[in-house]
Q: 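Pasting a structure here, questions to come.
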2 protein chains.
Amino acid sequence: MVQAQTLSRNQQIVLDIIEKAKGPLKAYSILFNVQKKGINAPQQIYRALDKLIEMGKIHKIESKNAFVACRNSDCEISKATAFSICESCEMVDEISDVKLSKYLSSFNHKKGMKFKRFNLEFFGICKKCK
Amino acid sequence: MVQAQTLSRNQQIVLDIIEKAKGPLKAYSILFNVQKKGINAPQQIYRALDKLIEMGKIHKIESKNAFVACRNSDCEISKATAFSICESCEMVDEISDVKLSKYLSSFNHKKGMKFKRFNLEFFGICKKCK
DNA sequence: TTAAAAATGTTATATTATAACAAACGTTAC
DNA sequence: GTAACGTTTGTTATAATATAACATTTTTAA
Ligand SMILES: [Zn+2]
Ligand SMILES: [Zn+2]
Ligand SMILES: [Zn+2]
Ligand SMILES: [Zn+2]
């Protein structure tokens with residue numbers, strides 16, 4: 001079941017770290033950062049990550065095995081995600097584009113599959129790195 | 001440098017297995033399948049996979065850490081990939097839709113990033129599983 | 001208040017991927 | 001031919017990512 005508002009202690013700790021970060025964070029880097037707070041095992045991180053993803057508070061960047069905070073309040077619980085990723089500095093930016101989102105949400109594959117969710121990752125070189 | 005036609009021995013072995021498979025294959029499952037052919041180490045698999053991806057012969061399904069053969073002759077060396085993925089049977093189908101591809105290829109994020117590549121993964125339940 | 005659900009703590013292990021180095025192979029240039 | 005170069009291969013070791021399993025505690029709600 002997906003909670004609406006309340007975060008558990010570990011979930012809040014993990015979310016705080018991800019939200020403060022400037023870029024995507026990896027699970028074990030989160031772990032190292034919270035050992036002072038009494039979290040010692042990967043399981044504790046991965047469980048918090050799973051719940052935070054379910055709640056739409058964070059997203060996983062699949063091509064990087066890393067996690068970012070959701071910046072879109074309207075990002076309906078991770079059903080439709082899009083990111084731009086810089087191949088030079090590793091920066092990740094969540095794309096919030098209504099037209100794009102509508103276009104993809106209404107896209108249905110010919111072979112008869114009705115989609116429930118999508119994830120789109122764009123790659124390039126960001127403005128800073130150019 | 002990306003080779004045009006010729007595949008090395010290991011590359012051919014790995015490609016054959018992926019092409020014969022009905023669904024996406026994981027690296028270590030490929031490894032177990034080729035040990036009779038004298039390939040013994042993960043490195044040998046991962047090196048072949050890397051080259052095959054560079055050549056556009058296969059694609060990595062990022063959300064599954066698995067690999068599929070490219071079915072589109074026109075899939076310009078993995079610069080623009082889209083897949084439909086069944087969450088029930090794990091089936092993966094490469095989407096070849098010119099309009100979609102054009103739409104996404106011409107999509108540029110507002111913040112000034114010019115994209116070189118994208119990967120899109122749709123999730124749902126396939127016809128068979130419904 | 002008690003039963004169920006969710007979250008935690010912990011140890012161990014599975015899975016995915018890369019580092020590092022030496023040897024063999026295949027071109028091409030001379 | 002053979003030297004020089006880039007690519008592929010073989011191999012051992014290890015790093016990085018993720019889950020299994022089980023006991024306990026906390027929270028929620030009937
Ligand atoms: Zn979001
Ligand atoms: Zn950058
Ligand atoms: Zn393709
Ligand atoms: Zn299916």
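Chain letters run A, B, ... following the sequence lines, proteins first, then strands; residues in each count from 1.
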Q: Whole-Å distance between D:dA16 P and A:Ile30 CD1?
A: 16 Å
Q: Find the distance A:Asn40:CG to C:dT11:P and express it as a whole number of Å.
A: 9 Å
Q: Tell me whether B:Ser106 contacts the main-chain N or O of B:Lys102 through its side chain, where contact means a donor paired with an acceptor under 3.5 Å.
A: yes
Q: Could you give the CG-to-P distance, from A:Leu25 to D:dA16, as a whole number of Å?
A: 16 Å
Q: I'd like to know if the side chain of A:Glu54 and the backbone of A:Lys51 have a donor-acceptor N/O pair within less than 3.5 Å.
A: no
Q: Starting from P on C:dC25, measure out to CD on B:Gln11 and report it in whole angstrom.
A: 17 Å
Q: Mind checking whether A:Phe118 and B:Phe123 have ring centres under 6.0 Å apart?
A: no
Q: Report yes if a side-chain nitrogen or oxygen of A:Lys51 is closer than 4.0 Å to either non-bridging phosphate oxygen (OP1 or OP2) of C:dT8; otherwise report no.
A: no
Q: Choosing from C:dA17, D:dG10, C:dT10, which nucleotide comes nearest the side chain of A:Gln44?
A: C:dT10
Q: Compare the minimum distances between each of D:dA18, D:dG10, C:dG9 and the side chain of A:Asn65, then state the nucleotide with the smallest one.
A: D:dA18
Q: Side chain of B:Asn10: nearest nucleotide among C:dT10, C:dA17, D:dG10?
A: D:dG10
Q: Report all interatomic pairs (protein N or O, nucleotide N or O of nucleotides 21-24 of chain C) with separations under 3.5 Å.
A:
none

Q: Write down the distance between CD (A:Gln12) and P (C:dA7), rounded to a whole number of angstrom.
A: 13 Å
Q: Decide yes or no, distance alone: a donor-acceptor N/O pair under 3.5 angstrom between the base of C:dA14 and the side-chain of B:Tyr28.
A: no
Q: What class does the angle between the rings of A:Phe122 and B:Phe115 fall in, given that below 30° is parallel, 30 to 60° is tilted and above 60° is perpendicular?
A: parallel
Q: Whole angstroms only, please: what is the NZ-P distance between B:Lys26 and C:dA17?
A: 8 Å
Q: Check this one for me: any side-chain N or O of A:Ser8 less than 4.0 Å away from OP1 or OP2 of C:dT8?
A: yes
Q: If the cut-off is 4.0 Å, is B:Arg9 near the phosphate of D:dT7, judged by side-chain N/O to OP1 or OP2?
A: no
Q: Would you call A:Glu121 and B:Arg117 a salt bridge, using N to O less than 4.0 angstrom?
A: no
Q: Closest-nucleotide mapping onto DNA chain D: is B:Gln43 or A:Gln43 further toward the 5' terminus? I mean the 5' end.
A: B:Gln43
Q: Do B:Ser84 and B:Val92 have side-chain heavy atoms sitting under 4.5 Å apart?
A: no
Q: Measure CG/B:Asp50 against P/C:dT16 and give the value in whole Å, please.
A: 16 Å
Q: Mind checking if B:Lys64 touches a base, just sugar-phosphate, or nothing, with heavy atoms under 4.0 Å?
A: nothing
Q: Between atom OH in B:Tyr46 and atom C1' in C:dT16, what is the gap in whole Å?
A: 4 Å
Q: Are a donor atom and an acceptor atom from the side chains of A:Asn40 and A:Gln44 found within less than 3.5 Å of each other?
A: no
